[in-house]
Amino acid sequence: MNTYIKNKYSLLFHNKNFDKLLLATFLSEMGNQMQRFGIPWIIFHITNSGSLMALNFSLSLIPGVFFGFIGGIISDRVSRKRMLLLINIVAFFIIALIMFLIRYENNVNIVFIFILTFIISSLTSMYEPTFSASLPVIVPKKNLISMNNIFNIIGSIIGLIGPAVAGIIIGIYGAWMCIIINGISYLLSFIVILFIKSDLAVINNKEESIKKDLYIVKKYVYENKWFLFCLLVTAAVYISTGSIGSVLQFLFLHYLHLSGFMFGFTFVLFEFIPVLLVGLFSSKILKRFDSILIIQITASLFCLSLLIMGVSLNYFLIVLMGMLQNASFALLMVAWNSKRQSEIPNNILGKINGGIVTIQFFLLPVGSLSSTALINFISVPKIISIFGLISLTFILILILLKKQIIKQY
């Protein structure tokens, strides 16, 4: 058994820099899970408002529109290690400052929560393209799929532990403790990254202007139609993700009346089992089938699961469709990330990833704000079904036009 694991996941035993980045990811993502559950819980119990919960989610997406591409540009010009360190330590001090201010407020001001959400999301949107571009520097091209599988397995573990721990902490210590733990996770991630023996960068492009960077991205997209096709398909998924992300927790609390324990347990079912299975079997799937085909199928399944989820308030149907959503989304991301990391030159990977983050964080609020606007007029289940239907229709049209888009790939 040990030999099988060592052969299948050799990166874990022969690449110390990768292990450190993996540990840093585990720490920061566990912290993010705490904040993910803590902040909506705080908002709901202060205001009892689904609209404000949805608005806070939308607010967390907006910074990516402005800082995603900027973060990608910077990551191609400076030491990516230093950039990751700076983002983590700034996030730690911001949370510490917010908690200090809240301590001296008699009544918790919802404005503090919105400010915290916006700043942390701004830093996260710069972190993502930098981190993604760092990985191919220390991981050989032949191991990229294995690397993404490992991250998926870690994601499934976090999906198991995170919601459960968050639910317990909320029940015993209150939701604010989740925010404190998130701040500590950034500090621990900073310490781990500090010991990585690489600057995680390949080429320094300090002489290039932002205009030149935009031209490089535009040229790459124009010359690589497969990238454009996949970007359009995933765009529909981003919009759908935004739409359900802003209303899902309100669905659980207001429509299903879940307790703190069931709230966390439901997310364990949603995320742990499907993401774990994808982590275990995605390598075989990606080796057997074309990545673009996998992206098409998983995107379609994701949108279809939304359509079905809104049909009924049956708890088991909602959980089943949630599992399908997370499984299809996880496999979609493995295929999409592996394809980009293997095809795109690393000296422009930060820019490309930054552009994707910008597009992603532009489209996510489109779905989120639309759901927020509709929540006062139609039921949440109907909102989920509507966005599932619209996105699925768009993807099917793209698949029909695939040959015209890609032409000679």
Side-chain angles (χ1 to χ4, degrees), residues 33 36-37 40 50 53-54 57 152 155-156 158-160 162-164 167 233-259 261-282 285 294-336 363-364 367-368 370-372 374-375 378-396 399:
Q33 285 278 349
R36 172 190 174 192
F37 291 98
M53 287 180 69
F57 178 81
N152 254 337
S156 69
I158 294 171
L160 171 65
V233 170
T234 53
V237 175
Y238 293 148
I239 292 176
S240 297
T241 303
S243 69
I244 191 172
S246 64
V247 298
L248 184 60
Q249 295 197 26
F250 184 61
L251 175 72
F252 289 162
L253 292 174
H254 182 73
Y255 285 81
L256 300 182
H257 307 289
L258 299 184
S259 64
F261 171 78
M262 285 301 298
F263 186 73
F265 178 71
T266 300
F267 275 93
V268 169
L269 294 176
F270 260 48
E271 298 173 359
F272 172 64
I273 297 175
V275 177
L276 177 62
L277 290 174
V278 169
L280 292 174
F281 297 105
S282 58
I285 296 172
I294 293 172
I295 290 171
Q296 294 173 210
I297 294 173
T298 52
S300 301
L301 287 174
F302 181 89
C303 297
L304 180 62
S305 66
L306 286 179
L307 177 61
I308 298 173
M309 175 181 277
V311 171
S312 169
L313 284 177
N314 181 279
Y315 176 79
F316 296 103
L317 178 65
I318 290 174
V319 168
L320 183 61
M321 289 302 102
M323 294 173 69
L324 178 59
Q325 284 169 31
N326 281 283
S328 56
F329 186 82
L331 186 55
L332 169 65
M333 288 298 105
V334 172
W336 182 216
L363 294 172
L364 285 171
S368 176
S370 298
S371 294
T372 303
L374 291 171
I375 200 172
I378 59 178
S379 68
V380 168
K382 288 182 180 178
I383 292 173
I384 295 173
S385 286
I386 288 171
F387 277 94
L389 178 61
I390 293 172
S391 299
L392 180 60
T393 301
F394 179 72
I395 290 173
L396 293 177
I399 293 173

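Rounding to the nearest 0.5 Å gives a distance of 5.5 Å between CH2 of Trp336 and OG1 of Thr234. Rounded to the nearest 0.5 Å, atoms CZ (Phe387) and CD1 (Ile244) are 11.5 Å apart. Between atom CG of residue Leu389 and atom CG of residue Leu307 there is a gap of 5.5 Å, rounded to the nearest 0.5 Å. Between the OG1 atom of Thr298 and the CZ atom of Phe302 there is a distance of 10.0 Å, given to the nearest 0.5 Å. Here the CD1-OG distance, from Ile390 to Ser385, works out to 11.0 Å after rounding to the nearest 0.5 Å. The OG atom of Ser243 lies 9.0 Å from the CD1 atom of Ile383; values are rounded to the nearest 0.5 Å.
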Exercise. Apply side-chain contact (heavy atoms from CB on, under 4.5 Å) to Ser300 and Leu392, showing your working.
Key: CA-CA 6 Å; Ser300 301; Leu392 180 60; 4.1 Å; yes
Quiz item: side-chain contact (heavy atoms from CB on, under 4.5 Å) between Ile297 and Ile294: does it pass, once the steps are laid out?
Solution: CA-CA 5 Å; Ile297 294 173; Ile294 293 172; 6.0 Å; no
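At a threshold of 4.5 Å between non-hydrogen side-chain atoms, the residues Ser328 and Leu304 do not count as touching. No side-chain heavy atom of Leu301 sits under 4.5 Å from any side-chain heavy atom of Leu331.
Considering all non-hydrogen atoms of both residues, Ser240 and Cys303 come closest at OG-SG, 3.8 Å. Between Ile384 and Leu306, the closest heavy-atom pair is CG2-O, 3.3 Å. Taking both residues in full, the closest heavy atoms of Gln296 and Ile395 are given as O-CG2, 4.4 Å, listed atom of the first, atom of the second, then distance.
Counting only residues at least two apart or on different chains, the side-chain hydrogen bond (donor to acceptor under 3.5 Å, both in side chains) pairs with a member in residues 307-326 are Thr266-Tyr315.
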